[in-house]
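Below, read A as the first sequence line, B as the second, and so on, with proteins coming before strands; counting in each chain starts at 1. Just so it is clear, the values below take in all heavy atoms, side chains as well, and ignore hydrogens, waters and symmetry mates.
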Number of protein chains: 2
Amino acid sequence: ADRVFPVLFIAAAIPKCAGCGEHIYDRFILKVLDRAWHSKCLTCSDCMAPLSDKCFSKGDNVYCKDDFFKRFGTKCASCDKGIPPTEVVRRAQENVYHLDCFACLMCARQLNTGDEFYLMEDRKLVCKTDYEAAKAREYEMDSSNKRPRTTITAKQLEALKRAYNESNKPARHVREQLSAETGLDMRVVQVWFQNRRAKEKRLKKDAGRQRW
Amino acid sequence: ADRVFPVLFIAAAIPKCAGCGEHIYDRFILKVLDRAWHSKCLTCSDCMAPLSDKCFSKGDNVYCKDDFFKRFGTKCASCDKGIPPTEVVRRAQENVYHLDCFACLMCARQLNTGDEFYLMEDRKLVCKTDYEAAKAREYEMDSSNKRPRTTITAKQLEALKRAYNESNKPARHVREQLSAETGLDMRVVQVWFQNRRAKEKRLKKDAGRQRW
DNA sequence: TGCTAATGAGACGTAACGAA
DNA sequence: TTCGTTACGTCTCATTAGCA
């Protein structure tokens, strides 16, 4: 005997795809971000590859794993772009670098395992050679721009003082003699006498003041 | 059957381009200096070439590799402009030179391997020939162009003064006698008397003025 | 930090030079 | 020769800067 079955009709909206906006009549409906998608519409916002397996989203966009991390993953300490977690990287202290970015800032040569290098304050890298060359150049600058100062030894000083007692303004030939005796340059001897006279004058003035 | 996708929600504002200031809706967002750029807005500050691959920054500016190193790379010791790391260079001590700049400062000839040259204090280069020619010329100058000045000693001065008191225009034989006595050249003795007479005249004039 | 070597500007005296 | 000028050698004064 035939049976009559009661039938319950339930009105339900046919879902619309968050990608193309059309209704979805497919058997498989993908759901991400509480929204439905045609499987052909759920593609990475960056590379447009279909996202059949896993997807990552940010705001209203969805991404494949690689592109998501490229945008939002750990930042390369040199170029500051995201690094997909699958990518081979190099590290220096806590910093992570793209393989290509793990290179000397100055000569741009890539740094290989075993290479020695310096990690700069801005987290960029400089190879040992360049760093030390730069350092040396800096030092060179510092020390070559420095005014040379003769150190007059006790012995030399004695000879100069003795001569000074004879005369505080010795004639040229005396200075020549003194220069030969001490090994000091003529100019150095001359300047010594100048400074010495200035000192004596200064001392006299100061003494005068004290008596006042 | 429906699938549930693991989804990472990260709230983030739609980035604004650091170049033009507009929002970026592009598929590709470039990030440099912690700031986002339209790919068309990220161009080298110097040559305006698009920086799609790698870029170098300094302060708020971004540069392509070549221009970055032109500005900030190792400086050519001669022209003082930066050298892109890919460029072939020559070296002298710690100094690096553009191939074209590795040339004699004086004759401008490029220096080749094996050529002898001098590295000057300002890190510029002079070929051996020119350097030694210049050196010789300098020596020549120093010893011939420099006006020699006789230093007349106290003793000699005394003899001259004594003679001057006898006569301020001594006859030739008197000058000869003086020259022999002092060891000074005849010409020197003659000039001394000339200058002495000039001085006396000058003093008289000045004294006259003072009395007025 | 103090002493003092070195530098630089400015002045002076005068040896040397060149032209008239 | 004289006259005007140039430039060498030295000094002072005020400062700067290197080293024990």
Undergrad: Within the pair A/R175 and D/dT10, is there a side-chain N or O less than 4.0 Å away from OP1 or OP2?
TA: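 Checking D/dT10 against A/R175, a side-chain N or O does come within under 4.0 Å of OP1 or OP2.
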Undergrad: Answer yes or no on whether B/R196 is positioned over the face of B/Y164, meaning its NZ or CZ is under 6.0 Å from the six-membered ring centre and within 45° of the axis.
TA: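 Yes - B/R196 lies over the ring of B/Y164, closer than 6.0 Å to its centre and within 45° of its axis.
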Undergrad: Under 4.0 Å from OP1 or OP2 of C/dT4: is there any side-chain N or O of A/K199 that close?
TA: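 Yes, because at least one side-chain N or O of A/K199 sits under 4.0 Å from OP1 or OP2 of C/dT4.
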Undergrad: Whole angstroms only, please: what is the NZ-C1' distance between A/K161 and C/dT4?
TA: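 Taking atom C1' of C/dT4 as the reference, NZ of A/K161 is at 12 Å.
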Undergrad: If you look at every strand shown and take non-hydrogen atoms under 4.0 Å, does A/Q194 touch a base, only sugar-phosphate, or nothing?
TA: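 Base contact - A/Q194 has a heavy atom under 4.0 Å of at least one base atom.
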Undergrad: To the nearest Å, give me how far apart NZ (B/K169) and C1' (D/dT1) are.
TA: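 Distance check: B/K169 NZ to D/dT1 C1' gives 7 Å.
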Undergrad: Ignoring backbone atoms, test whether B/T150 places a side-chain nitrogen or oxygen under 4.0 Å from the OP1 or OP2 oxygen of C/dA16.
TA: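 So the side chain of B/T150 is within the cut-off, an N or O lying under 4.0 Å from OP1 or OP2 of C/dA16.
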Undergrad: Expressed in angstrom and rounded to an integer, what is the separation of B/N168 atom CG from D/dT2 atom C1'?
TA: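 Those two atoms, CG and C1', are 13 Å apart.
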Undergrad: For D/dA17, does OP1 or OP2 lie under 4.0 Å from any side-chain N or O of A/R149?
TA: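 No, no such contact exists.
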Undergrad: How many Å lie between CZ on A/R187 and P on D/dG9, as a whole number?
TA: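 Whole-Å distance recorded here is 12 Å.
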Undergrad: Determine whether A/F102 and A/F117 make a side-chain contact, defined as any pair of heavy atoms from C-beta on separated by less than 4.5 Å.
TA: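 Yes, their side chains come closer than 4.5 Å.
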Undergrad: Would you mind reading off the distance between B/D185 atom CG and C/dA15 atom P, rounded to a whole angstrom?
TA: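 Atom CG in B/D185 sits about 14 Å away from atom P in C/dA15.
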Undergrad: Are there over 12 heavy-atom neighbours, none belonging to A/E158, within less than 6.0 Å of that residue's CD?
TA: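 It does not: A/E158 CD has 12 such atoms or fewer within range.
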Undergrad: Would you please test A/Y97 and A/R123 for side chain to side chain contact (heavy atoms under 4.5 Å, CB included) and show each step?
TA: CA-CA 10 Å; A/Y97 300 80; A/R123 312 197 298 160; 4.1 Å; yes
Undergrad: Without decimals, in angstroms, what is the distance between B/N195 CG and D/dT1 C1'?
TA: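 To the nearest whole Å, that distance equals 13 Å.
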Undergrad: Examine the base of D/dT1 for any acceptor or donor lying under 3.5 Å from a partner atom in the side chain of B/R197, and report the outcome as yes or no.
TA: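 A donor-acceptor contact between them is absent.
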Undergrad: Are OP1 or OP2 of C/dA15 and a side-chain N or O of B/W192 less than 4.0 angstrom apart?
TA: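 Looking at the OP1 and OP2 atoms of C/dA15, one of them is under 4.0 Å from a side-chain N or O of B/W192.
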Undergrad: What is the distance from CD of B/Q156 to P of C/dA15, rounded to the nearest Å?
TA: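 In whole Å, C/dA15 P lies 11 Å from B/Q156 CD.
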Undergrad: Side chain of A/K201 only, please: which of D/dC13, C/dA16, D/dT10 is the nearest?
TA: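 Out of D/dC13, C/dA16, D/dT10, the nucleotide with an atom closest to A/K201's side chain is D/dC13.
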Undergrad: CD of A/E200 versus P of C/dC3: gap in Å, rounded?
TA: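 The answer, rounded to whole Å, is 17 Å.
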Undergrad: Is B/R196 touching bases, backbone alone, or none of the nucleic acid, heavy atoms closer than 4.0 Å?
TA: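 Nothing, no nucleic acid heavy atom in range.
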Undergrad: Kindly determine whether B/F193 and B/K169 satisfy side chain to side chain contact (heavy atoms under 4.5 Å, CB included), including the steps that lead there.
TA: CA-CA 7 Å; B/F193 274 90; B/K169 276 189 195 174; over 6 Å; no
